[in-house]
There are 2 protein chains.
Amino acid sequence: MADVRDIPDATVSRLPVYRRSLVQIISTGESTISSADLADLAGVNAAKVRKDLSYLGTYGVRGVGYDAELLLAQIDGVLGLGTEAPVVIVGMGNLGQALAHYGGFQSKGFPIVALVDSSMDKVGQVIDGIVVSHLDDLEHTVREREISVGIIATPGGAAQEVSNALVAAGVRSILTFAPTILQVPDSVPVRKVDLATELQILGYYRHREVTETTDSTDRTA
Amino acid sequence: MADVRDIPDATVSRLPVYRRSLVQIISTGESTISSADLADLAGVNAAKVRKDLSYLGTYGVRGVGYDAELLLAQIDGVLGLGTEAPVVIVGMGNLGQALAHYGGFQSKGFPIVALVDSSMDKVGQVIDGIVVSHLDDLEHTVREREISVGIIATPGGAAQEVSNALVAAGVRSILTFAPTILQVPDSVPVRKVDLATELQILGYYRHREVTETTDSTDRTA
DNA sequence: ATGCCTTTGTGCATGCGTTCACAAGAGGTA
DNA sequence: TACCTCTTGTGAACGCATGCACAAAGGCAT
């Protein structure tokens, strides 16, 4: 029913979670799964699962549930996981090197095919079997390897410049770890992961708890 | 006006962004900043900035703007950044090691004071000046060092067990990189960062673009 | 002191996301 | 075939978040 272009953002961000749950279910030999069970695995409400899945077109069978394999294939189709999306990581500091070694990308259809840094100390080094190339060669590298995803793991100060270079080189989407607001064309989706921010957000809820405890103590006093 | 306990989640998650913008502004020597300028730096709408800041109590001056230093102190207070929050990282694989080396935490008030792994290969190693201790000693370590934040950097299969151990040891909040739905008491806030999921979400928007292009091509054909 | 200009704080309307609740549909059983 | 059970798909209500638009308020110049 709904077109693949019309899926709400909130739903899209849950599809990978459903996907992982499905992989898990399939590995146990189950061939169908109900929205209630899928909801449990994904940690969400069952009605939300059904509504989310309804955006993919209808693949559930009333009284039975969803065909796990079929649903997985459907999600993969929507997420574009049918074809591999080669990745370049820019910035070979601690974070960049860790990402390069991290196996979680390759196995999920996002092979890391290039590593880039702007420092001559790093260029030429071999990390995880890949020779680090220079930022100046970015465009050539991206075009040659048909890279579609750029990961920015540089300090904040360099992020916008790197982002510009990635976009100019033809990268189709960007994942950034830099604590910076990136200006990019609307056609290039960006996701931002900011580790310090996450800790600070936790700080609020942790701190709030302390405040409440202190308050109740004050109240009894 | 509003109590520190009543700040909406969406606002809380933006406070670190405002904070960073303020630090930047202050470093340039400016002492006041308008909501419009802050909005530009933070990449959001000016009205949203004002509404967000109104939850902290009123610190703006009409016709002038906000006192940058005062606002920064106010945000720090809400986020509980006045005191340091010691951190333990569990899981010394690639990601855990990178996080241990990553300087972004220490400088932001989240010193990493302990590293933990369950493998004897890792226990006893010194990473970034810290001796890796065993998961079995977690409770002791957490209590002794008064650790309030736990970072889970283990494979998904171990995450729930580690989470239980962290909670039992008295950790107050958790940041997890494991692609797993964690069951924790409501009193322990959890933030989840899932790198593969981020790439998959990007995949949707990237893929969608392709679909649209293909469609328009088809239409002209 | 007065008036103008700037910027805040917020009421209100709109839109998105979530959740409930139930009708409709599919399959199994007698 | 007819009924019963199970589960989906979705209409509708609710709540949160966003953003506009404007009145209130502070400061500065004259």
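All chains are named by letter (A, B, ...) in the order of the sequence lines, taking the proteins before the strands, and each is independently numbered beginning at 1. As a basis for the values below, the full set of heavy atoms in this structure was taken, side chains included, without hydrogen atoms, waters or symmetry mates. What you see is a predicted model, and the numbers here were worked out from it, not measured in a lab.
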K.L.:
Using whole Å, what does the distance between atom P of nucleotide dT8(C) and atom NZ of K48(B) come to?
P.N.:
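For the pair K48(B) NZ and dT8(C) P, the rounded distance is 17 Å.
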K.L.:
Within this structure, what is the CG-to-P distance between D52(A) and dT10(D), rounded to whole angstrom?
P.N.:
13 Å
K.L.:
dT8(D) P sits how many Å from Y66(A) OH, rounded?
P.N.:
5 Å
K.L.:
Please give, in whole Å, the distance from dA25(D) C1' to R50(B) CZ?
P.N.:
14 Å
K.L.:
Could you tell me how far apart I33(B) (CD1) and dT6(C) (C1') are, to the nearest whole angstrom?
P.N.:
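Atom-to-atom, I33(B) to dT6(C), this comes out as 16 Å.
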K.L.:
Please state whether the base of dT7(C) and the side chain of R62(B) form at least one donor-acceptor pair under 3.5 Å?
P.N.:
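By the distance-only test, no, there is no pair.
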K.L.:
If only side-chain N and O atoms of S35(B) are considered, is one of them under 4.0 Å from the OP1 or OP2 phosphate oxygen of dT8(C)?
P.N.:
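Looking at the OP1 and OP2 atoms of dT8(C), one of them is under 4.0 Å from a side-chain N or O of S35(B).
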K.L.:
Any heavy-atom pair between the side chains of T32(B) and Y66(B) that's under 4.5 Å?
P.N.:
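They are not in contact (no side-chain heavy atoms under 4.5 Å apart), so the answer is no.
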K.L.:
In whole Å, what is the span from the CG atom of L38(A) to the P atom of dT7(D)?
P.N.:
14 Å
K.L.:
Short question: side chain of D117(B), backbone of M92(B) - any donor-acceptor pair under 3.5 Å?
P.N.:
yes
K.L.:
If you check every side-chain atom of R14(A), which of dG9(D), dG27(C), dT18(C) has the closest atom?
P.N.:
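Nearest listed nucleotide: dT18(C).
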K.L.:
When rounded to the nearest 0.5 angstrom, what is the spacing between NZ in K192(A) and CG in L175(A)?
P.N.:
12.0 Å
K.L.:
Between P8(A) and A47(B), who's closer to the 5' end of DNA chain C by nearest nucleotide?
P.N.:
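That would be A47(B).
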K.L.:
Verify whether one side chain among D9(B) and Y204(A) offers a donor that lies under 3.5 Å from an acceptor in the other.
P.N.:
no
K.L.:
Round to the nearest Å and state the distance from N45(A) atom CG to dT7(D) atom P.
P.N.:
16 Å
K.L.:
Taking atom P of dT8(C) as reference, at what distance in whole Å does atom CG of D67(B) sit?
P.N.:
13 Å
K.L.:
According to a strict under-4.0 Å criterion, is K51(B) in side-chain N/O contact with OP1 or OP2 of dT10(C)?
P.N.:
no
